[in-house]
Protein chains: 2
Amino acid sequence: MYFHIFVEMNWEKKHITIHDIARELKISASTVSRALNNNPRISAATRDMVQKLAAAHGYQPNVMASSLRKGRGNTVGVIVPNINRSFFSNIIGGIEEKLSGAGFNLMICQSNESLDKEKEALQTLMHARVDGIMMSLSMETQDYAHLEKLLNRGIRMVFFDRVPDTLAVDGVVIDDHAAAFRITTALIEKGYRHPAHVGGSGKINVYRQRKSGYLDALKSSGSQVIASHITETDMTRQGGRKAFREIMQSDPRPDAFICAGDLAAHGVLLEALKNHFRVPEDIAVSGFANEEFTPHITPPLTSVDQKGLEMGRQAASLFLEQEATNDGSRIVIEPEVLFRLSTQKEITLRTE
Amino acid sequence: MYFHIFVEMNWEKKHITIHDIARELKISASTVSRALNNNPRISAATRDMVQKLAAAHGYQPNVMASSLRKGRGNTVGVIVPNINRSFFSNIIGGIEEKLSGAGFNLMICQSNESLDKEKEALQTLMHARVDGIMMSLSMETQDYAHLEKLLNRGIRMVFFDRVPDTLAVDGVVIDDHAAAFRITTALIEKGYRHPAHVGGSGKINVYRQRKSGYLDALKSSGSQVIASHITETDMTRQGGRKAFREIMQSDPRPDAFICAGDLAAHGVLLEALKNHFRVPEDIAVSGFANEEFTPHITPPLTSVDQKGLEMGRQAASLFLEQEATNDGSRIVIEPEVLFRLSTQKEITLRTE
DNA sequence: CTGAAAGCGCTTACAG
DNA sequence: CTGAAAGCGCTTACAG
């Protein structure tokens, strides 16, 4: 009786190995290993026999052992600025979807927009012997020496959204320029005369793209570029409020704010309302990223769907297809502009 | 020359092992291993010598090898309903902070509030041979058989926020009852006569607690409990809108809505405004979870800070202290109610 | 098609 | 205080 219980507990606790299966089937562990891995040199009969017994015992390969032996762990590291922004968590969802199908696990790190934390995360991931790294740069990351070092060591890397522009690395981005261009053009067509631009740091590629999309739209519609209508800010609500106050000093005053981020756009919006401007009648506001809150504020905020899920999937595919070298291929995804009430000039007049 | 280059490349590519260090120092690999792990039986002199050389070479232990040998991987699995809710991402932040200090890595999975995905995640984590699991139940999880199985196998588990109430497991929760009690009491004191309650599924512990906090507050303030003022909904904006319409049918009408979630509260708020009620003058609305958007909508929404970071830290500490068995200890954290404009009755009268 | 053997890099009784 | 040896569970040339 006691013995029985003891055996049962062992059943529960002890993991079954290929040797257990081999012994039971009176074949070698090598054969079991091959059968389990669908090695073509194994007869169909033994393969099926092995796989059946393995399934019956609920055999699970010890990933540490196989990783150690194979020299790679089937894990990929992911670094995002922040996990709780819907854009990035969607990307992670897309990556996970593709990669877990291919048998990879994810190790997720946050840089919190800090270069030091980014380096730290890289450190951790290399330490964990990941098979590759998928990441988006932190805002602070201007210099790519730490990334080059890894690339030179032959580490597989794929970047998404925020890509080191001077490095020939694989990456997937959205067409930021097109999104900003489309918004700006649309607002001009709706009758807004002087769209302003609240951008992010010019050191960051995506923000440069958004700004140049805005500028090109002004030019191609024959509008004047007014220097005092263009500013840079950190992408916070506070930054947006400040940007609004500053830009509204200028003459002529703008009647639209194309913002490179949703938080800044929301700041602009709140400050505009606070100063008794009507949105969208007097002033239009648009953001970027389609954060969860954007459709639910008053008025709902025009923004850009950056296709995070899609981006994650594509980045993962790129990673899977990637050969030993990064050859600098770029996938560009079309963003979708979501026009909402905050840019809908004179809607009441429409019904006439 | 060529040879030199070859050597250099090897330097970059090949990971250095304890044997390399042993050879260079003319000692055994055992000693190197012990020195690196600060084994007290090693002389200070050799320890320092080894550690110095290891540092100089940038030695990094192969975690797969040590995991395989030790039979555990220094990884803990984390399952949350959803990674992009600020509450849960804060919890993850707290867990990471404590656990990475103790040398653990995190494997993060999302259940998406689905029991099936929760089981799948558990499967994945066991497969990866994690040393333990920290999790919050999915909304769908009513039956705990899958968890009991793991517990019986001796898997270390710590739960946070949504804890299986019939199992004697370690967990950390907030005092949901107290938060709901405090809000309800405060609203009654502010002059709201008939607070209604928009709750979540009664099958879930946290929602039961919030409801009973509401009920107890009514009782202790001598208010009447009106059955038609109490409803259950999924915690979406749509659910909140529907709940508002339903409850407003009843007689007497409520003049306040204590909601068990922020999205539902926002739905209530939007529907109230749409129907030309003034918030907070005619109707007060409060939420739960202090989601990012709550301070920024109009009017700002009273909500409850669930102390995610703190909860994550405490859960991680519990995990680290935990002996082989789950003994069912519960840590209860005090939430903080953040009163905002949405529950601020007759603020204009205040100034008289 | 199958097996015996070596080895991935570490840790840890065992011995001294 | 240190070393030789075994072994964690797998994979994979090598041999047949």
Side-chain angles (χ1 to χ4, degrees), chain A residues 10 13-51 53-54 57-75 103-105 126-131, chain B residues 10 13-51 53-54 57-75 103-105 126-131:
Chain A
N10 251 342
K13 292 235 174 194
K14 197 100 183 102
H15 288 285
I16 177 171
T17 75
I18 52 170
H19 292 100
D20 299 325
I21 296 177
R23 202 178 317 116
E24 195 164 340
L25 256 28
K26 300 196 189 314
I27 56 178
S28 75
S30 323
T31 303
V32 174
S33 173
R34 291 195 184 96
L36 257 14
N37 291 303
N38 290 313
N39 185 315
R41 297 190 334 198
I42 294 292
S43 75
T46 27
R47 180 176 20 82
D48 294 348
M49 179 177 71
V50 169
Q51 294 191 350
L53 189 65
H57 282 337
Y59 168 76
Q60 302 216 306
N62 184 322
V63 288
M64 298 162 202
S66 86
S67 298
L68 175 60
R69 179 57 231 252
K70 291 194 292 195
R72 34 187 213 85
N74 272 92
T75 304
F104 284 95
N105 288 320
M126 293 316 298
H127 186 212
R129 300 278 211 282
V130 294
D131 297 312
Chain B
N10 251 342
K13 291 235 174 196
K14 198 97 183 101
H15 289 284
I16 178 172
T17 73
I18 51 170
H19 292 101
D20 299 326
I21 297 176
R23 202 179 315 116
E24 195 164 339
L25 257 27
K26 301 198 190 310
I27 56 178
S28 75
S30 323
T31 303
V32 174
S33 172
R34 291 195 184 96
L36 256 15
N37 291 302
N38 289 313
N39 185 314
R41 296 191 333 197
I42 296 291
S43 76
T46 27
R47 183 181 10 88
D48 294 349
M49 177 177 73
V50 168
Q51 294 191 349
L53 189 64
H57 282 337
Y59 167 76
Q60 301 216 307
N62 184 321
V63 288
M64 297 162 204
S66 87
S67 297
L68 175 60
R69 177 58 230 250
K70 291 194 291 194
R72 36 191 211 83
N74 273 91
T75 304
F104 284 95
N105 287 320
M126 293 316 298
H127 187 212
R129 301 277 212 281
V130 294
D131 296 312

Heavy atoms under 4.0 Å, any strand shown: does A/Ser67 hit a base, just sugar-phosphate, or nothing?
-> nothing

Between C/dG9, D/dC10, D/dT2, which nucleotide gets closest to the side-chain atoms of A/Asn62?
-> D/dC10

Is there a residue in residues 30-37 of chain B whose heavy atoms reach under 4.0 Å of DNA chain C, and which residues are they?
-> B/Ser30, B/Ser33, B/Arg34, B/Asn37

Please give, in whole Å, the distance from [N] [atom2] to [X] [atom1]?
{"X": "B/His19", "N": "C/dG9", "atom1": "NE2", "atom2": "P", "value": "9 Å"}
{"X": "B/Ile18", "N": "D/dA5", "atom1": "CD1", "atom2": "P", "value": "16 Å"}
{"X": "B/Ile42", "N": "D/dG3", "atom1": "CD1", "atom2": "C1'", "value": "10 Å"}
{"X": "B/Arg72", "N": "C/dT12", "atom1": "CZ", "atom2": "P", "value": "9 Å"}
{"X": "B/Arg47", "N": "D/dT2", "atom1": "CZ", "atom2": "C1'", "value": "15 Å"}
{"X": "B/Ile16", "N": "C/dC8", "atom1": "CD1", "atom2": "P", "value": "15 Å"}
{"X": "A/Leu68", "N": "C/dA6", "atom1": "CG", "atom2": "C1'", "value": "13 Å"}
{"X": "A/Asn38", "N": "D/dC10", "atom1": "CG", "atom2": "P", "value": "16 Å"}

Phosphate oxygens OP1/OP2 of [N]: is one of them under 4.0 Å from a side-chain N or O of [X]?
{"X": "A/Ser43", "N": "C/dT2", "answer": "yes"}
{"X": "A/Ser66", "N": "D/dC10", "answer": "no"}
{"X": "B/Tyr59", "N": "C/dC10", "answer": "yes"}

Any chance you could encode DNA chain C as dot-bracket? Rule is Watson-Crick or G-U wobble with both distances under 3.5 Å; [ ] for pairs crossing earlier ones, | for another strand.
-> |||.||||||||.|||

Euclidean distance for [atom1], [N] against [M] (whole angstrom):
{"N": "C/dC1", "M": "C/dA5", "atom1": "P", "result": "24 Å"}
{"N": "D/dT2", "M": "D/dA6", "atom1": "P", "result": "23 Å"}
{"N": "C/dG9", "M": "C/dA13", "atom1": "P", "result": "23 Å"}

Summary of salt bridge (charged side-chain N to carboxylate O under 4.0 Å, His left out) pairs that have at least one residue in residues 23-35 of chain A, sequence neighbours excluded = A/Asp20-A/Arg23

